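Have a look at the structure below before the remarks.
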Amino acid sequence: MTRPLRVVAVSGGLQRPSKAAALAEHLLDLIAKDVPCERRLVELGQLAPQLAGAVWRSQLPDTVERELAMVEQADLLVVTTPVYRGSYTGLFKHFFDFIHQDALIDKPVLLAATGGSERHALVIDHQLRPLFSFFQARTLPLGVYATDKDFLDYRLRDEAVVERTRLAVQRALPLIALTRHGSPAPVKEVVAA
């Protein structure tokens with residue numbers, strides 16, 4: 001029997017409640033409807049005081065180290081961030097600066113962002129995809145972008161965005177299954193064959 005999928009969502013929102021965290025929770029709920037999973041939400045705004053001033057991972061408290069380890073050991077990452085000055089938040093980048101550069105190789109990552117208007121929608125392709133390409137992660141085909149007007153009381157209310165989240169998860173599931181069950185042969189075996 002296969003163990004439940006370990007799904008970790010990282011929200012770059014700086015406050016609570018946060019639209020980025022609400023979007024992450026929504027995506028976690030959709031994934032949990034289709035796949036048995038253990039889910040975890042890491043809210044970076046809550047970790048900010050513990051991240052401040054740390055330059056090396058060894059300087060971080062155990063609480064942050066546990067969250068970093070959860071991200072590194074996840075089967076699937078869901079990352080959400082509010083757009084701040086045309087990109088992800090500095091805290092979001094600071095957190096991922098502590099992730100080991102090989103820890104996310106081939107890990108599926110569902111990208112999502114929130115912003116004040118549609119003009120920031122390209123943050124997914126111009127900022128988030130390159131960051132996770134550095135880690136050699138497998139960014140999933142559809143990202144989700146939501147604006148302030150798409151939420152009511154920190155819940156998605158715009159049906160087009162809700163449908164986009166459903167489609168993003170639906171298109172991600174076969175790729176996640178391939179990653180879990182059909183890992184490619186190691187390079188040495190391919191060369192020897």
Side-chain angles (χ1 to χ4, degrees), residues 7-34 39-49 51-52 67 71 74 76-99 101 104 107-176:
V7 184
V8 176
V10 178
S11 168
L14 303 179
Q15 57 195 14
R16 187 184 269 177
S18 156
K19 291 179 184 84
L23 180 55
E25 289 275 19
H26 181 83
L27 290 164
L28 286 171
D29 288 344
L30 289 175
I31 293 164
K33 282 182 186 177
D34 288 322
R39 34 187 285 183
R40 174 135 182 114
L41 174 62
V42 178
E43 292 184 75
L44 298 184
Q46 303 304 303
L47 295 178
L51 284 165
E67 301 295 2
V71 167
L76 166 65
L77 284 181
V78 175
V79 297
T80 63
T81 182
V83 176
Y84 183 73
R85 298 188 186 233
S87 188
Y88 36 72
T89 62
L91 187 61
F92 184 89
K93 178 64 167 70
H94 189 53
F95 180 81
F96 279 97
D97 282 343
F98 291 116
I99 295 290
Q101 72 180 35
L104 305 184
K107 190 176 304 285
V109 181
L110 179 56
L111 307 172
T114 61
S117 71
E118 288 85 3
R119 69 185 178 152
H120 296 299
L122 288 175
V123 71
I124 290 171
D125 291 318
H126 289 247
Q127 303 295 321
L128 290 172
R129 279 194 204 283
L131 174 63
F132 289 96
S133 288
F134 164 79
F135 286 110
Q136 300 174 58
R138 293 184 183 200
T139 57
L140 296 170
L142 286 181
V144 178
Y145 180 79
T147 65
D148 290 347
K149 68 178 178 50
D150 297 327
F151 291 88
L152 179 64
D153 296 327
Y154 294 92
R155 290 187 168 284
L156 277 178
R157 69 175 177 96
D158 183 87
E159 192 51 45
V161 177
V162 170
E163 185 54 37
R164 175 81 174 186
T165 61
R166 284 188 203 115
L167 185 59
V169 169
Q170 176 188 354
R171 300 237 348 247
L173 292 176
L175 298 171
I176 294 163

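All figures in this text were calculated on a predicted structure; none of them were measured in a lab. Residue numbers count from 1 along this sequence.
For Arg39, the salt bridge (charged side-chain N to carboxylate O under 4.0 Å, His left out) partners at least two apart in sequence or on another chain are Glu25, Asp29. The salt bridge (charged side-chain N to carboxylate O under 4.0 Å, His left out) search around Arg157 returns none, not counting sequence neighbours. Arg166 meets the side-chain contact (heavy atoms from CB on, under 4.5 Å) test with Leu30, Glu159, Val162, Glu163; sequence neighbours excluded. A search for salt bridge (charged side-chain N to carboxylate O under 4.0 Å, His left out) contacts involving Asp158 returns nothing, not counting sequence neighbours. Here Phe92 pairs with Tyr88, Phe96 under the ring pair (Phe, Tyr, Trp, His ring centres under 6.0 Å) rule; sequence neighbours left out. With sequence neighbours left out, the side-chain contact (heavy atoms from CB on, under 4.5 Å) criterion links Phe134 to Gln101. Considering only residues two or more places apart in sequence or on other chains, Arg40 meets the salt bridge (charged side-chain N to carboxylate O under 4.0 Å, His left out) condition with Glu67. Looking at residues two or more places apart in sequence or on another chain, you find a side-chain contact (heavy atoms from CB on, under 4.5 Å) between Asp34 and Val169, Leu173. For Phe98, the ring pair (Phe, Tyr, Trp, His ring centres under 6.0 Å) partners are His94, not counting sequence neighbours. For His120, the ring pair (Phe, Tyr, Trp, His ring centres under 6.0 Å) criterion is met by no residue, not counting sequence neighbours.
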Quiz prompt | Arg155 and Lys19: CA distance, side-chain angles, deciding distance, side-chain contact (heavy atoms from CB on, under 4.5 Å) verdict | solution = CA-CA 8 Å; Arg155 290 187 168 284; Lys19 291 179 184 84; over 6 Å; no
Quiz item: Does the pair Val161 and Phe151 meet the rule for a side-chain contact (heavy atoms from CB on, under 4.5 Å), with working shown?
Solution: CA-CA 10 Å; Val161 177; Phe151 291 88; over 6 Å; no
Self-check item: CA sep, side-chain torsions, deciding dist, call: Thr147, Glu118, side-chain contact (heavy atoms from CB on, under 4.5 Å)
Solution: CA-CA 7 Å; Thr147 65; Glu118 288 85 3; 4.1 Å; yes
Exercise. Run the numbers on Phe135 and Ile99 for side-chain contact (heavy atoms from CB on, under 4.5 Å), then give the verdict.
Key: CA-CA 9 Å; Phe135 286 110; Ile99 295 290; 3.9 Å; yes
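Taken to the nearest 0.5 Å, the CD1 atom of Ile124 stands 7.5 Å off from the CZ atom of Arg129. Distance check, rounded to the nearest 0.5 Å: CG of Leu110 to CD1 of Ile31 gives 6.0 Å.
When all heavy atoms of Gly45 and Leu91 are compared, the closest pair comes out as N-CD2, 4.0 Å.
No side-chain donor-acceptor contact under 3.5 Å links Arg138 to the backbone of Leu104. A donor-acceptor pair under 3.5 Å is absent between the side-chain atoms of Asp125 and the main chain of Leu122, judged by distance alone. In this structure a side-chain-to-backbone donor-acceptor pair under 3.5 Å is missing from Lys107 to Leu76.
Here the side chains of Thr114 and Tyr145 are not in contact, with every heavy-atom distance at 4.5 Å or above. Contact check for Lys93 versus Leu131: side-chain heavy atoms found under the 4.5 Å cut-off. Within the 4.5 Å cutoff, the side chain of Leu175 has no heavy atoms near those of the Pro108 side chain. Using a 4.5 Å heavy-atom cutoff, the side chains of Thr139 and Leu128 are not in contact. Inter-residue side-chain proximity for Thr165 and Leu23 is flagged as met; some heavy-atom pair is nearer than 4.5 Å.
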Please list, one pair per line, the donor and acceptor atoms closer than 3.5 Å that link side chains of residues 8-16 to other protein atoms, with sequence neighbours excluded.
residue	atom	partner	partner atom	Å
Ser11	OG	Gly13	N	3.3
Ser11	OG	Ala21	N	3.2
Arg16	NH2	Glu43	OE2	2.9

Sequence neighbours left out, cut at 3.5 Å: what donor-acceptor pairs do the side chains of residues 78-87 make with other protein atoms?
residue	atom	partner	partner atom	Å
Thr80	OG1	Ala20	O	2.9
Thr81	OG1	Thr89	N	3.4
Ser87	OG	Gln127	OE1	3.0

